[in-house]
2 protein chains.
Amino acid sequence: MPDSAYGDIRKLDLFAQMADENFTGLMRGAYVQNFPSQIELITEGDPSDFLHVLVSGAVDLFSTWNGRETSMATIRPISTFILAATVKDAPYLMSARTLEKSRVALIPSQDVRAAFDLDGNFARAIVTELAQCYRSVIKSQKDLKLRTSLERLANYLLRQQRHAGGGSVFELEFEKRRLASVLGMTPENLSRAFKGLQPYGVTVAGTRITIEDHNELKRFAKPNRLIDDHQS
Amino acid sequence: MPDSAYGDIRKLDLFAQMADENFTGLMRGAYVQNFPSQIELITEGDPSDFLHVLVSGAVDLFSTWNGRETSMATIRPISTFILAATVKDAPYLMSARTLEKSRVALIPSQDVRAAFDLDGNFARAIVTELAQCYRSVIKSQKDLKLRTSLERLANYLLRQQRHAGGGSVFELEFEKRRLASVLGMTPENLSRAFKGLQPYGVTVAGTRITIEDHNELKRFAKPNRLIDDHQS
DNA sequence: TATTACGATTGATAAAAGTCAATCATAGAT
DNA sequence: ATCTATGATTGACTTTTATCAATCGTAATA
């Protein structure tokens with residue numbers, strides 16, 4: 001594995017507190033690979049042979065059933081994905097595909113499980129990471145079950161605005177069809193939902209969003225830290 | 001804490017591999033309490049002061065937003081709940097209420113975090129538990145995003161049938177209004193959904209369900225282990 | 001036994017969301 | 001600069017789901 005990726009990975013919360021020898025041991029069996037855009041890295045149902053670490057690029061986690069497909073989450077560097085399947089030695093529940101040219105480190109799952117039995121700090125870091133993941137999905141579940149698609153979009157825009165620095169003009173982080181899928185609606189409905197937010201001062205030009213009056217949108221969206229706060 | 005509950009809790013996967021002294025230390029600050037039905041044990045947003053262990057009875061985890069409420073999961077003995085909030089020392093994302101007379105052990109969260117720093121086996125058990133919880137929510141998320149309410153009900157009935165032993169006649173495990181909420185629909189729609197499954201051999205009398213032809217229903221429901229298998 | 005309260009069901013209607021087909025806009029490719 | 005492929009948008013329509021109001025059924029209570 002190249003030194004650059006090695007250092008970046010070492011800095012991840014997940015690995016930062018590991019004993020040197022355990023981290024080195026873990027990395028010994030790992031390798032880094034470059035993938036073009038739109039490559040399926042993981043297929044749901046497959047055994048979880050590797051823990052994946054996205055070093056650069058972007059990855060979409062999605063699932064399918066009965067000919068339908070839905071986007072579950074987007075992974076941005078530097079972070080791991082499919083950790084739960086790895087530690088449980090169970091099949092992947094989601095598929096993963098690159099959204100752009102990406103660099104991924106692959107760590108054999110059995111090495112991860114071995115390190116986790118060996119290194120208490122690593123085990124503790126995994127706990128924190130998994131608890132974080134769990135809480136994220138719960139928030140997303142609440143978003144889906146408690147809000148209409150218009151409300152979900154409104155809150156997404158507020159989150160994204162904050163994430164982009166808080167200015168009244170910002171860019172969507174991914175293409176609309178995938179945003180629609182993430183938000184649990186069709187692309188057609190997303191288009192209509194954007195129109196539905198015009199009365200609250202939202203205007204759209206391609207991927208550029210303008211929120212005229214933040215407070216006006218907020219009054220409609222009613223953001224809630226127990227759903228929308230992507231920290232805690 | 002009474003010996004009976006102590007022993008039952010000790011047997012939980014979460015605590016089974018802990019060093020004796022750590023478990024004893026953890027239980028020193030814990031206490032068991034009896035609650036009548038319909039008591040709110042936890043309110044979302046509150047700091048996570050205690051890890052809860054349901055010793056007997058049943059507990060509903062639910063969330064609210066903007067005057068709406070949805071049931072997220074049902075806890076049956078013996079298991080813990082709100083583990084993620086405890087280990088992250090973050091506010092509860094869900095509220096909890098007893099569905100019947102229940103016995104709950106309360107373990108101070110700071111003791112849990114201390115034990116988790118001290119005891120590698122405990123940390124590892126928490127990992128397994130959290131990974132399990134995470135995967136459950138992901139499955140539920142897929143169920144919600146990929147299926148119509150009729151399909152969700154059909155698959156729920158197949159799961160419940162299996163859970164009840166596989167016979168063609170079985171009982172629903174909770175009242176219909178709560179089942180509706182768990183499945184992400186209104187009680188009115190649940191009624192209609194049951195009717196919609198009649199052509200596939202499903203009949204309902206109160207809480208008693210009859211599935212005439214398991215395979216017929218299965219052909220419609222298309223159950224999938226990556227969504228419906230509540231083990232792995 | 002009659003009463004009452006509450007959940008379940010039904011019907012009518014409205015709102016939300018999905019589908020299908022056509023068109024538009026735009027970024028790359030030629 | 002033009003062509004082309006793909007995603008976005010729009011309109012018409014259907015399906016799904018929610019809402020509201022009324023009624024039914026049943027189990028607990030008086």
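Naming: A, B, ... by sequence-line order, numbering from 1 per chain. Only a predicted model underlies this, so the values are computations on that prediction, with no experimental measurement involved.
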S.K.: Measure distances between side-chain N and O atoms of B:R147 and base N and O atoms of D:dT17, and say whether any donor-acceptor pair falls under 3.5 Å.
M.R.: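 Checked by distance alone, the answer is no.
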S.K.: Roughly, in whole Å, what's the span from CD in A:E175 to C1' in D:dT9?
M.R.: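 It works out to 15 Å between those atoms.
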S.K.: Rounded to whole Å, please give me the gap between CG in A:L153 and P in C:dA17.
M.R.: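 The answer, rounded to whole Å, is 11 Å.
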S.K.: Measure from the side-chain heavy atoms of A:K176 and tell me the nearest of D:dT9, C:dA8, C:dG18.
M.R.: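 It is D:dT9.
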S.K.: Applying the salt bridge (charged side-chain N to carboxylate O under 4.0 Å, His left out) criterion to A:D229, which one of A:R159, A:R162, A:R135 satisfies it?
M.R.: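 The passing option is A:R162.
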S.K.: In whole Å, what is the span from the CG atom of A:L190 to the P atom of C:dG18?
M.R.: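 Spelled out: CG on A:L190 to P on C:dG18 is 11 Å.
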S.K.: Starting at CZ of A:R192 and ending at C1' of C:dA16, how long is that distance when rounded to a whole Å?
M.R.: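 Going from A:R192 (CZ) to C:dA16 (C1'), I get 11 Å.
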S.K.: Establish, with yes or no, whether the OP1 or OP2 oxygen of D:dT17 is under 4.0 angstrom from a side-chain nitrogen or oxygen of B:N189.
M.R.: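 Indeed not, no polar side-chain atom of B:N189 lies that close.
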S.K.: So what does A:E188 touch, heavy atoms closer than 4.0 Å: a base, only the sugar-phosphate, or nothing?
M.R.: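 Base, at least one base heavy atom under 4.0 Å.
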S.K.: Can you tell which of D:dT10, D:dG7, C:dA12 lies closest to the side chain of A:K195?
M.R.: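 The nucleotide sitting nearest to the side chain is D:dT10.
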S.K.: Quick check on C:dG18: is either OP1 or OP2 less than 4.0 Å from any side-chain nitrogen or oxygen of A:T186?
M.R.: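 Result: yes.
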S.K.: Could you give the CG-to-P distance, from B:L197 to C:dT9, as a whole number of Å?
M.R.: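 Checked: the CG to P distance equals 13 Å.
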S.K.: Among C:dG18, D:dT17, D:dG7, which nucleotide sits nearest the side chain of B:T148?
M.R.: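 Comparing C:dG18, D:dT17, D:dG7 against the side chain of B:T148, the answer is D:dT17.
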S.K.: Does B:S149 put a side-chain nitrogen or oxygen below 4.0 Å from OP1 or OP2 of D:dT17?
M.R.: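 B:S149 to D:dT17 OP1/OP2: side-chain N or O found under 4.0 Å.
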S.K.: Checking salt bridge (Lys or Arg N to Asp or Glu O under 4.0 Å) for the pair A:D8/A:R103: CA distance, chi angles, key distance, verdict?
M.R.: CA-CA 12 Å; A:D8 288 341; A:R103 225 170 135 64; over 6 Å; no
S.K.: Considering only C:dG11, C:dG7, D:dA8, which nucleotide approaches the side chain of A:S191 most closely?
M.R.: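 Out of C:dG11, C:dG7, D:dA8, the nucleotide with an atom closest to A:S191's side chain is D:dA8.
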S.K.: How many whole angstroms separate atom CZ of B:R152 from atom C1' of D:dT16?
M.R.: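 Atom-to-atom, B:R152 to D:dT16, this comes out as 11 Å.
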S.K.: Using the six-membered ring of B:F62, assess whether NZ or CZ of B:R97 lies under 6.0 Å from its centre and within 45 degrees of the ring axis.
M.R.: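 Yes, a cation-pi geometry.
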S.K.: For the base of C:dT19, is there a side-chain donor-acceptor partner from A:R68 under 3.5 Å away?
M.R.: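 Such a pair does not exist between side chain and base.
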S.K.: In whole angstrom, give the distance that lies between atom CZ of A:F174 and atom P of D:dG7.
M.R.: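 Going from CZ in A:F174 over to P in D:dG7 covers 16 Å.
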S.K.: Grab the NZ-P distance between A:K145 and D:dT17 for me, whole Å please.
M.R.: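 Taking atom P of D:dT17 as the reference, NZ of A:K145 is at 14 Å.
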S.K.: Hey, is the main chain of B:R147 close enough, under 3.5 Å, to the side chain of B:R152 for a donor-acceptor pair?
M.R.: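 Checking the backbone N and O of B:R147 against the side chain of B:R152, a donor-acceptor pair under 3.5 Å is found.
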S.K.: If you draw the axis of the six-membered ring of B:Y134, does the NZ or CZ of A:K88 fall within 45° of it and under 6.0 Å from the ring centre?
M.R.: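 Geometry flag: not set, cation outside 6.0 Å or 45°.
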S.K.: Determine whether a donor-acceptor pair (one donor, one acceptor, N or O, separation below 3.5 Å) exists between the side chain of B:R178 and the base of C:dG7.
M.R.: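 Result: no qualifying N/O pair found.
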